[in-house]
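Everything on this sheet refers to the single structure shown next.
Nothing here was measured: the structure is a model prediction, and the numbers come from that model. Chain letters run A, B, ... following the sequence lines, proteins first and then strands; every chain starts at 1.
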2 protein chains.
Amino acid sequence: MSSASATLDGVFHALADPTRRSMIKQLAKGASTIGELGEPFDMTKPAITKHVKVLESTGLLTREVDGRVHRVEIDPRPLDAAQRWVEEVREFWEGRLDDLAGYLDGLQKKGKGKGKRRG
Amino acid sequence: MSSASATLDGVFHALADPTRRSMIKQLAKGASTIGELGEPFDMTKPAITKHVKVLESTGLLTREVDGRVHRVEIDPRPLDAAQRWVEEVREFWEGRLDDLAGYLDGLQKKGKGKGKRRG
DNA sequence: CCCATAGTTTACCAATAGGTAAACTATACC
DNA sequence: GGTATAGTTTACCTATTGGTAAACTATGGG
């Protein structure tokens with residue numbers, strides 16, 4: 001299952017760059033060519049090529065070559081992995097709060113402390 | 001509002017490293033010291049210090065110095081920004097599908113094609 | 001054929017990232 | 001005071017990242 005970790009590495013890394021995030025948002029609204037995708041950015045074509053490759057390599061973007069034009073569109077599935085990871089953290093976090101509530105509740109009901117003392 | 005983008009840069013970058021993701025999960029279950037936090041990793045102490053600093057600088061982690069021990073705990077709020085960003089992308093994506101459905105619906109009702117021909 | 005257009009590849013650069021070893025700071029404890 | 005423990009800082013190394021300019025590939029159209 002180390003590929004799941006590799007996917008998360010790739011997705012989070014892809015999203016860590018503002019140019020790529022902007023591209024993703026643009027593509028979420030609709031497919032476009034490489035030229036259209038790169039036009040909003042004050043950046044040379046090789047830079048755009050690189051950003052697109054990063055997104056493509058994580059599966060966030062698919063490419064369809066149509067003549068000399070490359071048409072790209074978003075594939076939101078890798079975002080699921082990222083979102084699930086964050087939600088899992090949140091569940092741990094909320095579980096921890098539940099445990100604390102249960103612990104405090106137990107203290108009150110039994111008038112006895114069995115868990116680790118804190119502080 | 002460029003600080004929102006800076007926050008996202010930081011959070012996504014922080015989450016792009018498996019060691020830091022593992023630390024976050026560990027901390028989501030409960031607070032710990034730097035030593036406990038770093039113990040699962042086959043890594044020297046300066047490396048742990050660096051990872052903790054990255055998490056701290058994005059606000060994902062808070063530190064409380066208690067004698068010679070540094071007690072750290074998670075602050076999940078920066079995760080909200082990341083999660084909202086992903087959900088916004090999803091909304092754009094679903095809106096796009098709605099538009100497509102509306103477009104196709106319009107085609108059927110009017111029996112008329114006004115959009116770009118494809119293929 | 002000739003030229004414009006769309007995009008990639010290659011080679012290069014400076015900055016950042018992730019790691020280490022060694023030295024240092026600061027607290028705890030006998 | 002002396003020593004172990006917790007953690008940071010400094011200096012260094014290598015790999016990766018984000019960007020560029022220049023050359024290249026490939027398609028479209030007069």
Could you give the CD-to-C1' distance, from B:E56 to D:dT8, as a whole number of Å? 12 Å

What pair of heavy atoms forms the shortest contact from B:F12 to A:L15, and how long is it? CD1-O, 3.3 Å

Counting heavy atoms from C-beta on, name the nucleotide in D:dG7, D:dA4, C:dT8 closest to the side chain of B:R63. D:dG7

Of B:G67 and A:V52, the one whose closest nucleotide on DNA chain C sits nearer the 5' end is A:V52

Is the shortest side-chain N/O distance from A:T49 to OP1 or OP2 of C:dG7 below 4.0 Å? no

Distance in angstrom units between A:E64 CD and C:dG7 C1', rounded: 16 Å

How many whole angstroms separate atom CG of A:D9 from atom C1' of D:dT17? 15 Å

Please tabulate, for the side chains in residues 36-50 of chain B, all donor-acceptor contacts under 3.5 angstrom to protein atoms that are two or more places apart in sequence or on a different chain.
from	atom 1	to	atom 2	distance (Å)
B:E36	OE1	B:T33	N	3.1
B:T49	OG1	B:K45	O	3.2

Please report the distance, rounded to the nearest Å, between CG in B:L61 and P in D:dG7. 12 Å

Apply side chain to side chain contact (heavy atoms under 4.5 Å, CB included) to residues B:W85 and A:I24 and explain how you reach the verdict. CA-CA 11 Å; B:W85 186 88; A:I24 290 285; 3.7 Å; yes

Would you kindly give the CG-to-C1' distance between A:D66 and D:dA26, to the nearest whole Å? 14 Å

Given atom NE2 of A:H70 and atom C1' of C:dG7, what is their separation to the nearest angstrom? 5 Å

Measuring from B:D75:CG to B:T58:OG1, what's the distance to the nearest 0.5 Å? 9.0 Å

Looking at B:S5, is its backbone amide N or carbonyl O close enough to the side chain of A:R21 to form a donor-acceptor pair, meaning the two atoms are under 3.5 Å apart? yes

Flag, side chain of B:S57 to backbone of B:V54, donor-acceptor distance under 3.5 Å: yes

Mind listing the closest non-hydrogen atom pair of A:A14 and A:L55 along with its distance? CB-CD2, 4.1 Å

How would you summarise protein contacts on nucleotides 16-25 of chain C per nucleotide, using B for base, S for sugar-phosphate only and - for none, with heavy-atom distances below 4.0 Å? -SBBBBB---

To the nearest Å, how far apart are B:R71 CZ and C:dA26 P? 22 Å

Between atom CZ in A:R68 and atom C1' in C:dC3, what is the gap in whole Å? 11 Å

